[in-house]
Colleague: 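What follows is a structure written as structure tokens; I'll ask about it next.
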There are 4 protein chains.
Amino acid sequence: MMMEPHCDDHPREECGVVGLSSDDANQTAQHTFFALFALQHRGQEAAGIAVSDGNRASLHKDLGLLSNVFTPDTLVPLRGYHAIGHTRYSTLGSSTARNAQPFLVETMHGPLAVAHNGSLVNAGELRTQLLRRGYALTAASDTEVMALMLASASGNTWEERLERMMPSWKGAYSLVILGVDCVVAARDPWGFRPLSIGRTSEGGWAVASETCALNILGCDRITEVKPGEIVTIRGKKMTRRRATPIAGGGARCSFEFVYFSRPDSEWDGRSVHEVRQRLGEQLAIESPVDADVVVPVPDSSIPAAIGYSRKSGVPFNDGFIKNRYIGRTFIEPTQLLRERRAAMKFNVLKSNIAGKRVIVIDDSLVRGTTSAQLVKLMREAGAKELHMRITSPRVLHPCYMGVDMGSYDELIAARFDPEKLREHVGCDSLAFLSVEGMMGAIGRKSGYCTACFTGRYPVDVSGVTGKNSFEGALK
Amino acid sequence: MMMEPHCDDHPREECGVVGLSSDDANQTAQHTFFALFALQHRGQEAAGIAVSDGNRASLHKDLGLLSNVFTPDTLVPLRGYHAIGHTRYSTLGSSTARNAQPFLVETMHGPLAVAHNGSLVNAGELRTQLLRRGYALTAASDTEVMALMLASASGNTWEERLERMMPSWKGAYSLVILGVDCVVAARDPWGFRPLSIGRTSEGGWAVASETCALNILGCDRITEVKPGEIVTIRGKKMTRRRATPIAGGGARCSFEFVYFSRPDSEWDGRSVHEVRQRLGEQLAIESPVDADVVVPVPDSSIPAAIGYSRKSGVPFNDGFIKNRYIGRTFIEPTQLLRERRAAMKFNVLKSNIAGKRVIVIDDSLVRGTTSAQLVKLMREAGAKELHMRITSPRVLHPCYMGVDMGSYDELIAARFDPEKLREHVGCDSLAFLSVEGMMGAIGRKSGYCTACFTGRYPVDVSGVTGKNSFEGALK
Amino acid sequence: MMMEPHCDDHPREECGVVGLSSDDANQTAQHTFFALFALQHRGQEAAGIAVSDGNRASLHKDLGLLSNVFTPDTLVPLRGYHAIGHTRYSTLGSSTARNAQPFLVETMHGPLAVAHNGSLVNAGELRTQLLRRGYALTAASDTEVMALMLASASGNTWEERLERMMPSWKGAYSLVILGVDCVVAARDPWGFRPLSIGRTSEGGWAVASETCALNILGCDRITEVKPGEIVTIRGKKMTRRRATPIAGGGARCSFEFVYFSRPDSEWDGRSVHEVRQRLGEQLAIESPVDADVVVPVPDSSIPAAIGYSRKSGVPFNDGFIKNRYIGRTFIEPTQLLRERRAAMKFNVLKSNIAGKRVIVIDDSLVRGTTSAQLVKLMREAGAKELHMRITSPRVLHPCYMGVDMGSYDELIAARFDPEKLREHVGCDSLAFLSVEGMMGAIGRKSGYCTACFTGRYPVDVSGVTGKNSFEGALK
Amino acid sequence: MMMEPHCDDHPREECGVVGLSSDDANQTAQHTFFALFALQHRGQEAAGIAVSDGNRASLHKDLGLLSNVFTPDTLVPLRGYHAIGHTRYSTLGSSTARNAQPFLVETMHGPLAVAHNGSLVNAGELRTQLLRRGYALTAASDTEVMALMLASASGNTWEERLERMMPSWKGAYSLVILGVDCVVAARDPWGFRPLSIGRTSEGGWAVASETCALNILGCDRITEVKPGEIVTIRGKKMTRRRATPIAGGGARCSFEFVYFSRPDSEWDGRSVHEVRQRLGEQLAIESPVDADVVVPVPDSSIPAAIGYSRKSGVPFNDGFIKNRYIGRTFIEPTQLLRERRAAMKFNVLKSNIAGKRVIVIDDSLVRGTTSAQLVKLMREAGAKELHMRITSPRVLHPCYMGVDMGSYDELIAARFDPEKLREHVGCDSLAFLSVEGMMGAIGRKSGYCTACFTGRYPVDVSGVTGKNSFEGALK
């Protein structure tokens with residue numbers, strides 16, 4: 001058994017993408033590698049890079065962290081001027097190299113590689129259509145579906161084919177595709193998942209899921225790829241075109257601000273770190289409580305805890321130390337240690353907690369597996385009062401657009417009423433941020449998806465299906 | 001650099017296949033594994049097994065010897081009642097897991113796995129047709145082409161779809177396919193590559209490239225799958241149907257008798273070992289020479305040398321000892337050792353050679369890379385006379401039906417006239433078996449392909465093409 | 001090339017140790033594993049565990065992180081009631097399994113395993129003595145020297161033999177040894193490196209380098225193993241004896257408080273986290289500066305930055321985001337990226353820095369390789385003023401007691417005068433904490449080693465030597 | 001479970017050694033590698049090479065076949081002018097890298113590496129002596145014992161120290177040692193295991209367990225290292241000295257001729273291949289039988305079968321085909337296949353057996369695990385009569401000099417009387433060669449060890465002991 005890498009209560013995000021051009025055929029894959037490194041937090045299960053030298057495309061992908069998948073032996077052969085890369089999130093157990101990305105195929109228009117971040121709600125339907133047309137599918141991924149549809153689409157360029165296919169793709173996709181002499185990126189009309197573009201310090205262009213990856217490449221002129229927009233990178237030329245109108249005013253994922261994105265990224269014109277501090281400030285306004293210390297659940301909640309402290313005047317301090325190495329281990333804890341599982345990841349700083357009234361800031365409470373344990377640890381450490389404050393609203397609905405929130409059965413806030421939930425967690429008070437408060441901290445009134453909090457899905461999710469009839473442990 | 005595993009002068013054969021049904025879901029993959037073990041000589045590059053339990057299909061395949069690819073961790077999860085397996089031959093350098101077999105896809109008719117031994121001469125044309133229809137190809141293998149064509153073929157059963165597609169497949173294929181509840185095997189109308197079927201000791205049925213694999217399973221009722229025939233295995237039921245008439249009277253590969261097949265296999269009603277002895281006997285009749293000893297180049301030429309000795313009366317003895325471990329090494333020999341490369345694989349038994357007139361029996365002389373070195377080793381060991389006798393005719397033409405003979409440039413008998421060739425090899429006399437002599441030893445007048453000797457190809461090979469525009473180092 | 005895992009300016013510490021007894025032969029190694037997990041920050045190069053079941057001792061050790069070295073396959077066979085464990089720090093290039101610990105030997109008194117944290121200044125001399133006595137040494141480690149000396153020492157118990165040998169060992173050692181039916185731990189008379197003991201929640205006893213490892217085991221009754229003390233763990237019995245008087249009033253490593261120890265550990269009766277906050281407070285008193293924001297270099301300087309902010313009234317905020325995955329990669333950055341190496345590890349939070357007067361808190365400045373790059377990144381991000389404040393004194397002298405500070409040539413503060421150093425780093429002002437200020441924050445006047453700051457070594461370091469005449473890549 | 005690599009009835013031999021000097025520091029290890037390749041049949045468990053460049057010694061060793069242990073990454077760093085190498089036999093289960101050879105230590109005389117083939121009958125006693133002197137032992141191997149004794153021996157050179165220590169070593173050892181500027185080889189006074197020396201084609205010298213390894217290096221002037229002799233290789237100089245008189249007239253292992261050595265090796269002035277043919281001839285004289293065909297159990301019995309055929313006039317032919325790939329697999333055969341285990345390794349050539357009176361030649365029958373299965377396979381194939389003829393005498397006693405024959409309980413000829421044994425095997429007649437007949441075929445009256453046949457041990461084996469009190473899974 002593996003210890004779950006997410007023994008805290010966070011949702012899990014799918015994937016990061018990168019695409020870029022470079023003058024130096026030996027550097028393209030390397031730049032892609034380092035840009036992906038900045039996106040490693042978006043996926044630790046698998047990684048891949050595909051490049052094209054103008055004639056042929058090459059690919060390497062495998063299960064594992066980026067630093068395991070790519071060594072000089074596997075990276076150096078990837079020579080070319082255009083590249084796309086992908087890093088995939090960790091689902092334990094079912095991980096298979098078949099579903100790793102990019103997905104590379106030969107088409108009548110030459111080689112085509114595709115990688116994306118997101119999830120199509122009508123993937124099942126699209127698969128069925130392809131199968132009925134006599135296609136054979138090798139994997140269980142949306143990416144293959146998109147690649148096959150592009151391969152058979154009419155149009156003179158990948159951009160034209162994309163334009164034709166995008167209307168039939170319902171759901172979230174921040175997509176990069178590699179043609180024999182270009183990189184093309186596209187974002188779904190809702191703009192669920194982030195995607196940005198910038199000019200590298202060498203004068204080429206790069207797209208990436210988050211701006212922190214563009215920073216690594218020394219980019220300037222960083223802008224968002226807009227919902228429904230297509231951008232093309234060909235050497236030092238970059239062109240943009242609108243493929244479809246923005247759908248329903250846009251539906252950016254609000255959880256990117258709450259938890260997924262790296263705090264040093266920016267999107268929709270806002271610094272993630274600043275938004276997180278404002279989430280903490282807003283929470284202090286909405287749910288104040290008299291206390292001696294504000295402590296974050298590290299690392300993601302630190303900015304929010306600083307914000308809460310700043311607004312409330314209650315001093316900020318560390319309350320937990322996180323073991324940075326806990327990662328994955330194949331050793332199962334003994335019974336004794338199993339009960340102390342959270343203690344292996346978080347050790348309480350007794351002297352900051354003992355005898356104190358403590359406000360604990362966390363950014364989300366989804367499955368509720370860890371919060372109760374953290375509370376227990378703080379009680380053992382002598383906390384006098386414990387007040388949990390969550391910088392996002394109650395998660396009451398699953399996400400079908402690429403975030404693994406769990407099903408209704410797993411969403412603890414959907415199972416328990418607020419008082420029951422507080423009791424379950426074991427704290428003296430428990431408060432969540434309001435949807436309005438969250439949007440206020442983000443600084444937008446609309447244009448965001450809040451489906452997991454409100455159940456108002458921007459796309460029709462009634463037909464979400466799954467499963468194919470084979471499984472492959474291809475290596 | 002690797003030492004070539006084939007530093008002798010043999011052609012290389014592509015692949016072995018197995019297909020079977022079993023009552024015990026836990027034993028099916030294991031039986032497939034052990035049957036493949038008996039076919040390991042037909043391919044050391046990659047191996048794979050696909051199984052179906054009646055609902056879902058599973059696959060494991062990877063680069064490497066069978067014993068590396070399959071461990072309890074990878075074999076035990078392959079539960080099911082139907083299975084196909086494949087072992088792939090070694091091409092150094094270009095090996096990639098993408099081209100490993102079986103090839104498993106989901107189709108509108110459920111999961112489909114395909115594995116085959118052979119090569120389609122019109123594969124390039126078929127690829128182009130598929131691409132033009134908007135398909136996307138993930139690999140460079142004929143197997144994918146066949147799988148995609150079957151997936152989109154009309155017909156109510158895999159047998160019907162096979163029957164419809166077989167006429168468009170020109171070339172060699174001994175094919176096994178796995179459906180959700182059956183194994184179907186088919187052989188091209190020429191019957192280039194071998195394929196046999198037998199009843200296992202448990203009462204199920206199994207097909208395999210060679211009868212030695214059926215022997216491992218304790219099979220009785222072993223018969224050939226005829227050229228152009230389709231057989232279906234479904235539990236303890238086996239049915240046969242003729243899909244196409246036998247083409248041109250059949251074109252079985254004569255090199256299977258000369259070199260490829262294991263001597264304990266039988267095909268076309270003949271024991272390979274007996275045929276090899278007769279090849280030696282016939283050679284003694286055609287090209288006698290007064291000598292003191294007949295020695296084989298081990299291991300494949302031992303039966304022929306015994307036959308030559310028996311017919312000629314010249315005593316048989318060992319002349320070389322073969323290092324069984326030489327296999328693959330990643331260590332490059334130093335200059336000193338490079339010149340002695342053959343010596344690393346074959347050590348001369350001086351006492352059997354020194355001062356003697358020696359007849360050396362080898363089964364083929366294709367590229368000529370080793371023969372000269374063997375002759376040099378025997379000269380150093382003091383041989384008085386050296387007479388090479390080859391139990392097959394001059395190889396003058398490439399094979400396009402799945403055997404890697406090399407191109408015209410590489411075929412030494414196509415480049416040199418007989419006397420020049422003898423000089424190049426350095427022996428005192430050199431003789432090859434006649435085509436008629438070879439066919440006589442086999443015991444058939446017709447029904448065999450002798451294209452590599454005669455240039456009379458049973459299929460139109462004018463359009464043989466290659467290459468796709470991408471390469472993937474998928475792992 | 002690997003990216004250095006320590007591209008910041010910190011010294012490197014050697015090793016963490018654990019020793020414990022347990023009633024359940026199947027849990028002992030597992031508890032040791034999880035305790036070592038809490039000490040992974042003290043060493044990522046290699047790990048090992050040795051156990052004894054009362055009759056036989058077993059060992060597994062290898063290069064790599066704990067989670068790579070130990071899998072169920074390697075951990076489960078380690079059955080026993082007594083165990084010691086070790087985790088070793090990362091020296092790139094020279095890493096070899098030979099020097100991994102524990103070191104297990106057979107002696108006339110039965111099996112003996114030894115692991116330690118520290119470094120003997122007279123190791124060269126002791127090696128020479130052993131070689132002259134006809135011994136043969138298999139590794140380059142002090143541990144082997146200690147094991148061989150114990151094996152040949154007179155005395156009825158390991159404790160007696162330790163007592164006899166300890167006076168000849170000059171330098172730092174927090175030592176755990178495994179006998180056939182006991183764990184014995186000892187600390188050098190100066191007490192350079194930490195070592196603590198506690199009672200596990202099961203009633204057994206455990207020793208570990210840091211108290212955070214004892215917390216994982218649910219320990220109470222946690223106390224320091226005193227300098228010069230020997231403790232014995234045998235089932236639920238624990239006995240202590242004084243082996244030698246405390247040398248020179250003690251010489252605890254002050255850098256454990258500054259940087260090495262996990263902030264949730266306690267030693268010498270103080271919380272590391274609290275001391276770090278006081279180091280920051282004291283620095284605010286000694287080197288105040290008018291500014292807009294105090295930012296830490298994450299993660300280690302966060303508590304000190306909070307302390308500095310609290311005392312100075314300058315608001316605390318995040319200034320850098322650290323890529324937690326950067327770890328090790330085998331991919332060498334291109335020229336473009338090499339210049340931005342620090343940027344791959346630390347991304348600046350522009351909005352918190354731009355246009356501001358910034359105080360940057362770091363805990364040490366040893367080689368100076370990263371500070372200048374961090375300053376450059378903040379300048380690029382638009383910082384108006386940059387004031388570096390270091391929560392430790394100038395490091396002017398190498399450490400010979402187990403900490404890799406580098407040699408005189410590498411210590412930047414020993415090479416440059418203060419103004420030159422400020423210029424080199426590129427900040428507007430640069431200040432270090434005073435030795436007195438540091439000791440004040442620790443809360444002790446004496447009993448600590450400050451040799452790296454003051455050059456006053458508690459032991460004679462004139463004879464420090466190195467090197468043996470062989471190197472082994474034993475795997 | 002692994003299939004046993006020795007599912008036939010052969011004893012197992014321990015180890016091959018190589019030692020050589022070369023002018024080219026980059027070629028020395030490579031030459032050692034290729035020489036070891038020729039000795040791979042003497043050990044597949046582990047391999048190692050140690051080199052010295054005149055100043056420092058380096059070592060690489062690991063579990064696995066030579067081609068797995070040595071890759072360019074591990075071989076190229078082994079630069080030096082002097083080298084020794086070792087290949088170790090396969091004992092399943094207990095294999096551990098600790099016991100791999102060479103064993104490299106630092107001594108007061110500089111680095112020392114030791115590797116040997118053989119076994120000391122007084123190893124237990126010598127270990128006890130070392131432990132009593134206060135030594136600590138890291139492994140369970142004789143090699144460490146020998147290395148430590150040499151390290152502490154008096155004498156000015158390794159040769160002198162060897163000369164002093166050899167009298168205390170009772171048993172078999174063909175030993176190579178590496179000093180900082182030389183290779184020294186020694187053979188025990190009985191000469192149990194083979195060891196030869198020759199001049200390489202470059203003018204340096206090499207020693208190796210078998211002459212086939214010297215042939216790879218193009219050696220001439222090949223001679224035996226005599227029992228009790230020491231040879232020194234230092235660049236192009238080679239010197240020999242007698243260390244001790246030959247003990248008891250010599251006690252060369254007769255099983256080297258019967259089974260262990262490669263047939264292309266020579267020792268004691270005889271070709272192994274020729275001796276094996278004479279063993280077959282002698283057997284035909286001692287135990288004739290009227291029959292239709294003589295078949296060998298491949299590969300080792302082929303020369304003997306040729307000899308038997310030649311002398312008896314009964315025609316030789318192949319009876320079994322051996323699967324060369326069976327090697328090791330981690331897949332356990334199902335019940336069905338377990339009963340047919342021999343069938344996985346040997347397939348009967350029906351056409352050569354059916355309806356015939358068959359003489360089966362095997363070289364030894366030790367544990368009896370396979371013979372009965374082979375007989376069963378031939379019965380199933382329709383053999384009319386089956387006569388087993390073994391080209392060695394009954395093995396009635398264990399070997400304590402380095403050959404794993406098994407204990408008395410395992411030796412089937414020690415457990416059953418001849419008629420019972422025949423019944424157990426299931427053949428119509430069963431005959432072994434006489435001891436005198438075997439010695440006659442070798443061509444010597446004395447100077448050979450026949451202890452396993454006769455119980456007359458050349459050394460006192462009453463004190464053979466085992467075991468140390470620890471086990472290490474050091475990797």
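Source: prediction; values computed, not measured. Numbered from 1 within each chain, the chains take letters A, B, ... in sequence-line order.
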Colleague: If you measure from CD on C:Glu106 to CG on D:Leu130, what distance do you get to the nearest 0.5 Å?
Modeller: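 Result: 10.5 Å between the selected atoms.
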Colleague: Return the set of residues passing side-chain hydrogen bond (donor to acceptor under 3.5 Å, both in side chains) with C:Arg161 (not counting sequence neighbours), or none when no residue passes.
Modeller: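 If we apply the side-chain hydrogen bond (donor to acceptor under 3.5 Å, both in side chains) test to C:Arg161, skipping adjacent residues, the hits are C:His109.
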Colleague: Output all residues satisfying salt bridge (charged side-chain N to carboxylate O under 4.0 Å, His left out) with D:Glu159, sequence neighbours left out; order by chain, then residue number.
Modeller: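 Not a single residue meets the salt bridge (charged side-chain N to carboxylate O under 4.0 Å, His left out) criterion with D:Glu159.
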Colleague: Residue by residue, which of residues 142-154 of chain D have a heavy atom closer than 4.5 Å to a heavy atom belonging to chain C?
Modeller: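 At a heavy-atom separation under 4.5 Å, chain C is reached by D:Leu148, D:Ala151, D:Ser152.
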Colleague: Between C:Tyr135 and D:Gly134, is there a donor-acceptor pair closer than 3.5 Å when you use the side chain of the first and the backbone of the second?
Modeller: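 Looks like yes, one N/O pair under 3.5 Å.
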Colleague: How long is the straight-line distance from CZ of C:Arg133 back to CE of D:Met108, given to the nearest 0.5 Å?
Modeller: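 Answer rounded to 0.5 Å: 11.0 Å.
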Colleague: Would you say D:Phe103 and C:Thr138 make side-chain contact, with heavy atoms under 4.5 Å?
Modeller: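 When only atoms from C-beta onward are counted, C:Thr138 and D:Phe103 do touch, with a gap below 4.5 Å.
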Colleague: Just jot down the side chain to side chain contact (heavy atoms under 4.5 Å, CB included) partners of D:Thr32, sequence neighbours excluded, or say none.
Modeller: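 For D:Thr32, the residues satisfying side chain to side chain contact (heavy atoms under 4.5 Å, CB included) (neighbours in sequence not counted) are D:Val18, D:Leu20, D:Leu36, D:Ile49, D:Ala83.
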